[in-house]
Enquirer: 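A single structure is presented below for examination.
Quick note: numbers below take in every heavy atom, side chains included, and nothing from hydrogens, waters or symmetry partners. Along the sequence shown, residues carry numbers from 1. Keep in mind that what you see is a predicted model, and the values were worked out from it rather than measured.
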Amino acid sequence: MDKGLHFMFCVITTMLLLRESSQTGEKNDPEMLAASKSVGGFDLQGTDSRGPEEGLPTLTVTTILEDPYVMVRSAELEGYCIDLLKALAAMLHFSYKVKVVGDGQYGAVSSNGNWTGMVGEILRQEADIAVAPLTVTSAREEVVSFTTPFLQTGIGILLRKDTVSQETSFFHFLAPFSKETWTGLLFAYVLTCFCLFLVARLSPCEWNEPKNEENHFTFLNSLWFGAGALALQGVTPRPKALSVRVIAAVWWLFTIALLAAYIANFTALLSSGSEQLPIQTFEDLVKQRKLEFGTLDGSSTFYFFKNSKNPIHQMIYEYMDKRRDHVLVKTYQEAVQRVMESNYAFIGESISQDLAAARHCNLIRAPEVIGARGFGIATTQASLWTKKLSIAVLKLRESGDLDYLRNKWWETSCLHKSRDRWSPLQPQALGGLFLTLAIGLALGVIAAVAELSNKSRHAAGHVKKSCCSVFTEEMCTRLRIKENTRQSQETSGRANA
């Protein structure tokens, strides 16, 4: 029994000594120490390491910290580019080590002729590829190779909503319809009132005895009748003839549909706020004097305006170049912060501005986007990885994975997620309504002529005249009643004298 206990004690003591020796060896092993530091992916030197698997090549990837492409969260790197890099590594079977660019630049030619940023690191072979929001430009393409763009973008203007808002116009209530639409409505109103006036004079059911009765549908009364329908108010005179009622009913239908369209568009106008954005284009930005504007120093956007032959673009470049120490910013985060805190408009990648507007509900991007371009993965020239990565990017696009990543990282927290722009209602949108009104007016006039023809036919039988002559006389009498009345008054005055 004692021998058995002594044996068990020796075994346990030996196992504890071996375990302590193993842990001490791990702590002293520099490779294990580096591995333990990179747990979670992001270490103190700013690299995201994925340990090489046996037989797989390892690529050094340079990137830049920019939301939402690459971000630091809980000592880890995450973002759109990190997810893209993981998908590419899984497809092409390689491991990688991510490092943040040392100078915080994308890549431009410095004063001494050397390239800075991620492009410079690739040229100096400090990195194999660059996975970042790096714009494909001709200057960069001359020194490095780019894959197929994984994101399409352009150059836009980022603004703060309250800095570009303007006072409401005195005639703001006219904004729901375009000028052409208002012109068409005015013409339709006058034409309808004239048809009411004409049909009321021609129809014997409305005006039976032109020589003895007063026609209540004068032109002014017809205008008042049409205006009352626009306000959904019943006014006198009240139509009695079928022809007049047809025109009145069609006009009422027209006004109801018109008011519904006006109220709906006016509500959309007030809720969208698009009318409070006077800066719609780059030309508007140049003409105003309230806001300063600039872009990232040494970015592809800055050189786009520098090399552009467009007069507006040249004016923008000259403005930024003269004030470069004041209007050019170093980072994208600095640009967004400056837009939010001062009277400043930031010119940059539209897709990044969409993200800023999605994250900060008081920001908005102007509608105009110029300089269509794309973000690509940069590699060394003649690299075997360029074509492989391009094919992999195309496969991810065709499978919908790129769209999924786009929706994942550009999700907005603002209440109004729609970016649809409000616009005044054009006449084409009311084409069917105008056509219905025209058909109704034609039917009313035809009905009035039919009513007058029927009366003329009965009268022709009594006076033994042709129907056409009686119809012509009746027509002239109704259309020239004032002249006939004046002649009858003069005749009666002479008789009294």
Side-chain angles (χ1 to χ4, degrees), residues 57 59-66 68-70 79-89 91-92 94 96-110 113-155 295-296 298-308 332 348-352 369-399 401-403 405-406 409:
L59 298 181
T60 301
V61 182
T62 181
T63 189
I64 191 170
L65 293 178
E66 181 178 329
Y69 303 99
V70 180
Y80 179 94
C81 289
I82 300 300
D83 287 352
L84 174 63
L85 186 57
K86 291 177 181 178
L88 294 173
M91 293 180 64
L92 301 178
F94 66 85
Y96 57 88
K97 181 180 179 181
V98 179
K99 63 185 297 291
V100 177
V101 61
D103 59 5
Q105 300 293 321
Y106 291 87
V109 181
S110 61
N114 296 325
W115 279 84
T116 62
M118 293 177 284
V119 177
E121 290 191 352
I122 292 178
L123 293 176
R124 294 189 298 269
Q125 297 183 354
E126 297 174 8
D128 298 309
I129 62 174
V131 182
L134 187 61
T135 306
V136 180
T137 64
S138 59
R140 292 170 179 169
E141 188 74 50
E142 290 180 354
V143 294
V144 297
S145 296
F146 280 97
T147 64
T148 301
F150 56 85
L151 270 180
Q152 299 294 335
T153 183
I155 300 176
T295 186
L296 289 174
S299 64
S300 60
T301 301
F302 179 80
Y303 289 100
F304 170 85
F305 288 101
K306 179 180 180 180
N307 300 325
S308 176
Y332 177 78
E349 303 293 346
S350 60
I351 194 168
S352 300
V369 176
I370 62 175
R373 55 192 45 204
F375 293 154
I377 300 174
T379 66
T380 57
Q381 287 188 333
S383 173
L384 298 177
W385 288 100
T386 307
K387 186 173 183 180
K388 295 180 180 180
L389 291 170
S390 294
I391 295 175
V393 168
L394 290 174
K395 289 182 178 179
L396 290 175
R397 179 180 300 168
E398 293 168 356
S399 63
D401 291 337
L402 293 183
D403 292 333
L405 294 179
R406 172 73 164 79
W409 292 103

Enquirer: With Trp385, which residues qualify under ring pair (Phe, Tyr, Trp, His ring centres under 6.0 Å), at least two apart?
Expert: Phe94
Enquirer: Could you walk me through whether Tyr303 and Thr137 satisfy the side-chain contact (heavy atoms from CB on, under 4.5 Å) test, starting with their C-alpha distance in whole Å, then the side-chain angles of each, then the deciding distance to 0.1 Å, before giving a yes or no?
Expert: CA-CA 10 Å; Tyr303 289 100; Thr137 64; over 6 Å; no
Enquirer: Between the side chains of Gln381 and Ser145, does any donor sit under 3.5 Å from an acceptor?
Expert: no
Enquirer: I'd like to check the ring pair (Phe, Tyr, Trp, His ring centres under 6.0 Å) partners of Phe304; sequence neighbours left out, ordered by chain and number.
Expert: His313
Enquirer: Please report the interatomic distance CG(Leu389) to CG(Leu394), rounded to the nearest 0.5 Å.
Expert: 11.0 Å
Enquirer: Please check this pair: side chain of Asp103 against backbone of Gly117, looking for a donor-acceptor N/O pair closer than 3.5 Å.
Expert: yes
Enquirer: Return the minimal non-hydrogen interatomic distance between Gly298 and Ala108, and the atom names on each side.
Expert: O-CB, 3.3 Å
Enquirer: Are Leu65 and Tyr332 packed together at the side-chain level, in the sense that at least one heavy-atom pair is separated by less than 4.5 angstrom?
Expert: no
Enquirer: Quick one: do Leu134 and Ile377 satisfy side-chain contact (heavy atoms from CB on, under 4.5 Å)? Show the steps, please.
Expert: CA-CA 7 Å; Leu134 187 61; Ile377 300 174; over 6 Å; no
Enquirer: Under 4.5 Å between any side-chain heavy atoms of Pro133 and Ser352, yes or no?
Expert: no
Enquirer: Please say which of Val100, Ile129, Thr62, Val144 ends up in a side chain to side chain contact (heavy atoms under 4.5 Å, CB included) with Met118.
Expert: Thr62
Enquirer: Could you tell me whether the side chain of Ser383 and the main chain of Thr379 form a donor-acceptor pair under 3.5 Å?
Expert: no
Enquirer: Give a yes or no answer on whether the side chain of Thr63 reaches the backbone of Val131 with a donor-acceptor pair at less than 3.5 Å.
Expert: yes
Enquirer: Nearest 0.5 Å, what's the CG-CZ distance between Leu123 and Arg140?
Expert: 11.5 Å
Enquirer: For the backbone of Leu296 and the side chain of Ser299, can you confirm whether one donor and one acceptor N or O come within less than 3.5 Å of each other?
Expert: yes
Enquirer: Just jot down the side-chain hydrogen bond (donor to acceptor under 3.5 Å, both in side chains) partners of Thr60, sequence neighbours excluded, or say none.
Expert: none
Enquirer: Apply side-chain hydrogen bond (donor to acceptor under 3.5 Å, both in side chains) to Ser390 and list each qualifying residue two or more places apart in sequence or on a separate chain.
Expert: none
Enquirer: Please list, chain by chain and in numerical order, all residues satisfying side-chain hydrogen bond (donor to acceptor under 3.5 Å, both in side chains) with Asp83, sequence neighbours excluded.
Expert: Lys408, Trp409
Enquirer: Go through the steps for Ile64 and Val70 under the test side-chain contact (heavy atoms from CB on, under 4.5 Å), then give the verdict.
Expert: CA-CA 7 Å; Ile64 191 170; Val70 180; over 6 Å; no
Enquirer: Yes or no on side-chain contact (heavy atoms from CB on, under 4.5 Å) for Asp128 and Thr380, after CA distance, side-chain angles and deciding distance?
Expert: CA-CA 7 Å; Asp128 298 309; Thr380 57; over 6 Å; no
Enquirer: If we only count heavy atoms from C-beta on, is the Leu88 to Lys388 side-chain gap below 4.5 Å?
Expert: no
Enquirer: Just by distance, no angles: are the side chains of Ser110 and Thr116 close enough, under 3.5 Å, to form a donor-acceptor pair?
Expert: no
Enquirer: Is there side-chain contact between Asn114 and Val109, with heavy atoms separated by less than 4.5 Å?
Expert: no
Enquirer: Is there a donor-acceptor pair closer than 3.5 Å between any side-chain N or O of Arg373 and the backbone N or O of Gln152?
Expert: no
Enquirer: Report the residues that fulfil ring pair (Phe, Tyr, Trp, His ring centres under 6.0 Å) with Tyr69, sequence neighbours left out, ordered by chain and then residue number.
Expert: Phe375, Trp410
Enquirer: Can you see which heavy atom on Trp115 is nearest to which on Val119, and at what distance?
Expert: CE3-CG1, 3.6 Å
Enquirer: Can you give me the closest heavy-atom contact between Val369 and Gly154, atom names plus distance?
Expert: CG1-CA, 3.7 Å
Enquirer: Does Thr147 offer a backbone N or O that forms a donor-acceptor pair with the side chain of Thr386 under 3.5 Å?
Expert: no
Enquirer: Check for a donor-acceptor pair, side chain of Arg397 on one end and backbone N or O of Lys395 on the other, with a separation under 3.5 Å.
Expert: no
Enquirer: Looking only at side chains, do Glu349 and Thr135 share a donor and an acceptor under 3.5 Å apart?
Expert: yes
